[in-house]
Amino acid sequence: MTPLTKSGPLETYRAWNACLLAGDLKGAARFIDADKWREKCLGLTDWLTDFETALTHYEKNMVRPWTGLEMHEEEVVEGRDAVTIRFRVEATHAGEFMGVAATGRKVSFHAIRIVHVTDSRVTGQWAQLDLWGIHQQLTTP
């Protein structure tokens, strides 16, 4: 599949991420190269090489447990074949996450993503969320 237009890593990432945040998984799939996919979400998954499996984990960890999910970019570094984004996430805990049942609490946490892009297609990512910070916000009385 060829991209609609040639774009840099940051533009490709933002278009892909906008689809993910909108729940448009078919739209997100337009921006990836499934044959080259490689992903790790530190603390949540091991290395994944199947995009469908990665989407299943994304839905389990970032869609079902949260409502009102907002991502705010705080720092962006774009390279030739990758973009690194440090961002803050705000969301309401509405479903089980890491063994903690829904609390209804609004949480805020930081995360980092390194998103790899080849020929205007996302080929994978390495992500790290502040899991300890999330856990503390969900379990501290």
Side-chain angles (χ1 to χ4, degrees), residues 1 3-141:
M1 177 183 277
L4 302 175
T5 61
K6 183 83 170 151
S7 58
L10 181 57
E11 186 179 348
T12 300
Y13 158 76
R14 285 184 173 154
W16 172 66
N17 194 55
C19 289
L20 288 175
L21 288 173
D24 180 8
L25 301 183
K26 284 187 180 186
R30 287 189 357 236
F31 293 97
I32 65 104
D33 184 337
D35 294 332
K36 296 179 182 174
W37 191 260
R38 193 161 158 76
E39 171 181 308
K40 181 171 183 80
C41 190
L42 197 60
L44 294 174
T45 68
D46 202 354
W47 281 104
L48 301 173
T49 57
D50 176 67
F51 183 67
E52 293 299 321
T53 301
L55 277 180
T56 299
H57 283 277
Y58 176 79
E59 184 176 4
K60 175 187 175 196
N61 294 308
M62 296 308 296
V63 175
R64 280 188 251 147
W66 311 105
T67 59
L69 185 81
E70 295 179 18
M71 294 174 66
H72 307 278
E73 293 178 357
E74 294 188 343
E75 189 171 4
V76 176
V77 178
E78 184 178 23
R80 186 173 45 88
D81 296 325
V83 60
T84 300
I85 307 97
R86 182 177 58 82
F87 55 96
R88 182 175 40 83
V89 177
E90 295 177 352
T92 301
H93 184 221
E96 189 271 328
F97 181 73
M98 294 184 58
V100 179
T103 63
R105 293 181 180 183
K106 185 160 181 144
V107 300
S108 177
F109 59 91
H110 285 92
I112 295 172
R113 268 177 153 169
I114 301 170
V115 178
H116 298 274
V117 177
T118 303
D119 297 326
S120 301
R121 294 270 180 228
V122 177
T123 58
Q125 69 174 332
W126 181 93
Q128 182 172 5
L129 288 64
D130 178 11
L131 296 174
W132 177 242
I134 297 168
H135 182 72
Q136 287 181 308
Q137 290 177 70
L138 297 179
T139 60
T140 302

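- Closest of all the heavy-atom pairs between Gly27 and Cys19 is C-SG, 3.7 Å.
- In this structure, OG1 on Thr123 lies 11.5 Å from CG on Asp35, to the nearest 0.5 angstrom.
- Note on residues 120-141: pairs passing ring pair (Phe, Tyr, Trp, His ring centres under 6.0 Å), not counting sequence neighbours, are Trp132-His135.
- Interatomic distance, Gln125 CD to Ile32 CD1, rounded to the nearest 0.5 Å: 11.5 Å.
- Two residues are said to be in side-chain contact when any heavy atoms from C-beta on lie closer than 4.5 Å; Met98 and Leu138 fail this criterion.
- Atom-to-atom distance recorded for Leu21:CG and Trp16:CH2 is 10.0 Å, nearest 0.5 angstrom.
- Formation of a donor-acceptor pair under 3.5 Å by the Trp66 side chain with backbone atoms of Glu90 is not found in this model.
- When all heavy atoms of Pro9 and Val83 are compared, the closest pair comes out as O-CG1, 4.0 Å.
- Sorted by first and then second residue, the salt bridge (Lys or Arg N to Asp or Glu O under 4.0 Å) pairs involving residues 60-70 (not counting sequence neighbours) form an empty list.
- Residue Thr140 comes nearest to Gln136 through the heavy atom pair OG1-O, 2.7 Å, listed as atom of the first residue, atom of the second, then distance.
- For the pair Arg105/Gln137, no side-chain contact is recorded, criterion being any heavy-atom separation below 4.5 Å from C-beta on.
- In this structure, Gly95 and Ala102 approach most closely via the heavy-atom pair N-CB, 3.5 Å.
- Results of the side chain to side chain donor-acceptor pair (under 3.5 Å) test with His110 over Gln128, Arg88, Arg86, Glu74 single out Glu74 as the only residue that passes.
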- Would you check, one step at a time, whether the test side-chain contact (heavy atoms from CB on, under 4.5 Å) holds for Arg113 with Met71? CA-CA 12 Å; Arg113 268 177 153 169; Met71 294 174 66; 3.9 Å; yes
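- Here the closest non-hydrogen pair linking Gly104 and Thr92 is O-CG2, 3.5 Å.
- A donor-acceptor distance shorter than 3.5 angstrom exists from the side chain of Asn61 to the backbone of His57, with no hydrogens or angles considered.
- Atom-to-atom distance recorded for Leu44:CG and Glu39:CD is 10.0 Å, nearest 0.5 angstrom.
- Put simply, the side chain of Val76 reaches to within 4.5 Å of the side chain of Arg14, judged on heavy atoms.
- Put simply, OG1 on Thr53 and CH2 on Trp37 are 11.5 Å apart, with the number rounded to the nearest 0.5 Å.
- Expressed to the nearest 0.5 Å, how far NZ of Lys40 lies from OG1 of Thr45 amounts to 6.0 Å.
- Side-chain contact between Leu25 and Leu20 is present, with at least one heavy-atom pair separated by less than 4.5 Å.
- The shortest non-hydrogen separation linking Ser7 to Thr12 is OG-OG1, 2.8 Å.
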